[in-house]
Participant: 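Let me begin by handing over the structure; questions about it come next.
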Amino acid sequence: MSSLFPALTDSPADSPAERPALRFGERSLTYAELAAAAGALAGRVREAGRVAVWATPTLETAVGVVAALLAGVPAVPLNPKSGDGELGHIVRDSAPALVLTAPGTELPPALSGLERVDIDVRERAPYAPAESPGSAPAGITAESPALVVYTSGTTGPPKGAVIPRRAIATTLDALADAWQWTGDDVLVHGLPLFHVHGLILGILGPLRRGGSVRHLGRFTAEGVAHELNEGATMLFGVPTMYHRLAEALPDDPALAKALGRARLLVSGSAALPVHDHERIAAATGRRVVERYGMTETLMNTSVRADGEPRAGTVGVPLPGVELRLVEEDGTAITAYDGETVGEIQVRGPNLFTEYLNRPDATAAAFTGDGWFRTGDMAVRDADGYVRIVGRKATDLIKSGGYKIGAGEIENALLEHPAVREAAVTGEPDDDLGERVVAWIVPTDPQSPPAADDLADHVARRLAPHKRPRTVRFLDTLPRNDMGKIMKRALKHD
Ligand code: MCA
Ligand code: AMP
């Protein structure tokens, strides 16, 4: 296939070799430097079957992933805050040959069986685009896997979504069309680099366009304002980040001015409440644009830069994406009336290939004629704008833009000796969208475990963002005649 990153691999005459590509804090790389560092590393990992990347928010992670893509070797980004239980599962499931990491990082025991390769972002193989590994090695096609990204389901441990090269190219080019995204754009964000949003859109996106990205390391309103004042043109974030900006705006006229300078403010990964949309628009004069995607599908819809930004909608299907709404029985809904609710199903070159080692789950995710069942419920306005109204599975929680499976947390809680029974639900939260709530029947009702103790237990085994933020103790869990926990009865009054 053609190169994923023409600006890195094309002939020097056409390539922006001296232009900035990546900046993380004080450290940055031009296209020529990135080509040299990633090219040298690509040469070293070329023979690996699959590589894990210790995905800290650093220059090293970006170089490591680009190197794997140049070499045609699938990369598995790892959340560096994952606990040993989660990491152990991912490593057993994806069986990487080695782990790419920044020098000096201490890797946890779950990775001790892997060969470690330190990423040297200053490596300077001569810039020789003609010999660059950008023209992917023989045998690599558009269908070849590029990334394996782990994503939670309602039950069981996370599944690895295998994302082919063509899905990345397709989604990034569709977004370029929708957002008039070019090599002149400078993106700022502070998203984690082990998910689609921060990694594919936030790092690979600017590189595919020949533009640049400035990563904040950690999201702060000050960091965003600083970069927008220094020439950044676009901001990507999850709703929690925009909520925090909206909260800060009344006391910070300089932040309002900085956000007003942006060409495009984009939110995704969860719904941005209309109230936050309105507060940001009122203070900055800019409307946040929402796009809707999923790890398995990459991006499906977006409000277009040249379209009407309507709060509460995720816009229209992106070029190449087929989208339909279906009834419970699978019948396609033909109405564009803003009220008939159906499940969103999508088809197109933006889709993943399969869940790694899970043919059962892959088969269940698709209809017989190739539509992917998103599980998201929506209506369509007369002009095609999609409005997401809910989710089919109540056992999936979106907190801070992270998808969290209730079953996974319940299993972790049940491993705690002081827990006899556990149920996990999501409750509305102004900041996080939803918050993880654990309902616990203690082993010894006279001495229930401390809430912090349970939160730490989940954070250590799985990941900190999966920890329960609220713990409620009960004598028994409400169950139906079949013994199944009735989660709808678990409501705080
Ligand atoms: C707190 N911490 C703990 C504990 N309590 N660590 C261990 N054990 C504990 N008990 C630490 C946390 O690790 C964190 O550390 C810090 O304390 C604050 O924790 P927390 O409150 O969880 O973080 P936050 O500041 O509230 O995070 C908000 C956030 C974050 C920044 C918005 O939720 C975030 O980055 N969300 C992005 C999710 C995302 O990218 N989703 C994309 C997937 P430290 O501060 O050091 O971290 S969806 C996707 O890709 C699809 C395709 C799409 O459509 O986009
Ligand atoms: P993930 O599986 O973590 O990639 O998250 C994908 C899910 O995030 C989708 O199925 C939606 O439920 C949700 N999502 C992503 N973008 C949006 C958005 N703009 N509005 C509402 N929900 C969204």
Side-chain angles (χ1 to χ4, degrees), residues 55-57 77 79-83 147 149-154 158-159 161 163 167 171 189-202 216-221 236-245 266-273 277 288-303 311-315 343-344 346 350 352 365 372-378 386-393 396-405 429 431-436 450-469:
T56 49
N79 174 357
K81 289 202 176 136
S82 285
L147 295 169
V149 178
Y150 278 80
T151 180
S152 291
T154 52
K159 302 188 286 284
I163 299 172
T171 224
H189 74 88
L191 292 157
L193 300 188
F194 44 84
H195 278 308
V196 164
H197 194 168
L199 182 61
I200 299 187
L201 273 58
L216 298 171
R218 175 191 182 86
F219 171 84
T220 60
F236 291 176
V238 294
T240 301
M241 296 172 180
Y242 284 102
H243 175 78
R244 292 179 185 181
L245 292 173
V266 187
S267 174
S269 301
L272 181 64
H277 266 288
V288 178
V289 157
E290 277 198 79
R291 94 297 180 282
Y292 156 63
M294 209 171 164
T295 304
E296 292 89 334
T297 66
L298 306 190
M299 295 304 116
N300 295 312
T301 70
S302 183
V303 171
T313 92
V314 294
E343 183 192 5
I344 300 176
V346 289
N350 53 314
F352 76 138
F372 176 76
R373 310 172 202 272
T374 64
D376 292 309
M377 306 299 290
V386 175
R387 220 175 262 277
I388 295 176
V389 297
R391 211 171 23 233
K392 245 178 148 173
L396 282 179
I397 300 161
K398 263 275 164 168
S399 189
Y402 287 113
K403 183 187 271 184
I404 302 172
D429 185 280
D431 182 47
L432 297 170
E434 285 182 290
R435 143 181 93 239
V436 174
D452 280 352
D453 185 26
L454 295 180
D456 289 346
H457 171 80
V458 173
R460 264 197 318 273
R461 276 205 70 68
L462 303 178
H465 67 263
K466 297 184 179 177
R467 73 189 188 276
R469 311 277 175 144

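Remember, it's 1-based here, ligands and their atoms both numbered in the order they're listed.
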Participant: Looking at atom 24 (P) of ligand 1, what's its closest protein heavy atom, distance included?
Facilitator: Arg244 NH2, 3.8 Å
Participant: For atom 8 (N) of ligand 1, grab the closest protein heavy atom and report residue, atom and distance to one decimal in Å.
Facilitator: Ala459 CB, 3.4 Å
Participant: Looking only at distances, please establish whether an N/O atom of ligand 2 is found under 3.5 Å from an N/O atom of Thr295.
Facilitator: yes
Participant: Has Lys398 got any heavy atom lying under 4.0 angstrom from an atom of ligand 2?
Facilitator: yes
Participant: What's the shortest distance from atom 41 (N) of ligand 1 to any protein heavy atom, and which residue and atom give it?
Facilitator: Gly401 O, 3.0 Å
Participant: For ligand 1 and Arg218, I'd like to know whether there is a polar contact (N/O to N/O, distance under 3.5 Å).
Facilitator: yes
Participant: Closer than 4.0 angstrom: is that true for some heavy atom of His465 and an atom of ligand 1?
Facilitator: no
Participant: Give me the nearest non-hydrogen protein atom to atom 38 (C) of ligand 1 as residue plus atom name, then the distance to 0.1 Å.
Facilitator: Gly400 O, 3.3 Å
Participant: Nearest non-hydrogen contact with atom 48 (S) of ligand 1 belongs to which option: Glu296, Lys398, Lys403?
Facilitator: Lys398
Participant: Return the minimal non-hydrogen interatomic distance between Pro464 and Lys81, and the atom names on each side.
Facilitator: CD-O, 3.1 Å
Participant: Could you tell me whether Met294 approaches ligand 2 through its side chain, its backbone, both or neither, with non-hydrogen atoms closer than 4.0 Å?
Facilitator: both
Participant: Specify the closest pair of heavy atoms between Val436 and Arg467, including all atoms of both residues, with the distance to one decimal.
Facilitator: CB-O, 3.9 Å
Participant: Taking heavy atoms and a distance under 4.0 Å, where does Ala271 meet ligand 2: side chain, backbone, both or neither?
Facilitator: both
Participant: Ignoring angles and geometry beyond distance, decide whether Ser399 reaches within less than 3.5 Å of ligand 1 through its nitrogen or oxygen atoms.
Facilitator: no
Participant: Taking atom CG of Leu193 and atom CD1 of Ile200, what is their separation to the nearest 0.5 Å?
Facilitator: 11.5 Å
Participant: Nearest protein heavy-atom contact for atom 55 (O) of ligand 1: which residue, which atom, what distance?
Facilitator: Ser269 OG, 2.5 Å
Participant: Show me which atoms of ligand 1 lie under 4.0 Å from any heavy atom of Thr240.
Facilitator: 32 (C)
Participant: Roughly how far apart are Ile404 CD1 and Arg435 CZ, rounded to 0.5 Å?
Facilitator: 12.5 Å
Participant: Going by the order shown, which atoms of ligand 1 are within less than 4.0 Å of some heavy atom of His197?
Facilitator: 42 (C), 50 (O), 55 (O)
Participant: For atom 22 (O) of ligand 1, what is the closest protein heavy atom, and at what distance to 0.1 Å?
Facilitator: Arg469 NH2, 2.8 Å
Participant: Please report whether ligand 1 has a polar contact with Thr295, defined as an N or O pair separated by less than 3.5 Å (distance criterion only).
Facilitator: no
Participant: What protein heavy atom lies closest to atom 54 (O) of ligand 1? Include the residue and the distance to one decimal.
Facilitator: Arg291 NH1, 3.0 Å
Participant: Tell me: protein heavy atom nearest atom 34 (C) of ligand 1, and distance?
Facilitator: Tyr402 CE1, 3.6 Å
Participant: So for Pro192, does at least one of its heavy atoms come nearer than 4.0 angstrom to any atom of ligand 1?
Facilitator: yes
Participant: Suppose I only count heavy atoms of Met299 and a 4.0 Å limit; which atoms of ligand 1 are within that range?
Facilitator: 52 (C)
Participant: Does Val196 have a non-hydrogen atom less than 4.0 Å from ligand 2?
Facilitator: no
Participant: Given that the side chain starts at C-beta and the backbone is N, CA, C, O, which of these parts of Val196 lies under 4.0 Å from ligand 1, counting heavy atoms, or is it both or neither?
Facilitator: both
Participant: Find the distance between CG (Leu298) and CZ (Phe352) and round it off to the nearest 0.5 Å.
Facilitator: 10.5 Å
Participant: Just to be sure I read this right, does ligand 2 sit under 4.0 Å from the backbone of Ile388, its side chain, both, or neither, counting only heavy atoms?
Facilitator: side chain
Participant: Would you mind running through ligand 1 and noting each atom that sits below 4.0 Å from a heavy atom of Gly293?
Facilitator: 54 (O)
Participant: Please determine whether any non-hydrogen atom of Arg291 lies less than 4.0 Å from an atom of ligand 2.
Facilitator: yes
Participant: For ligand 1, which atoms sit closer than 4.0 Å to a heavy atom of Met294?
Facilitator: 52 (C)
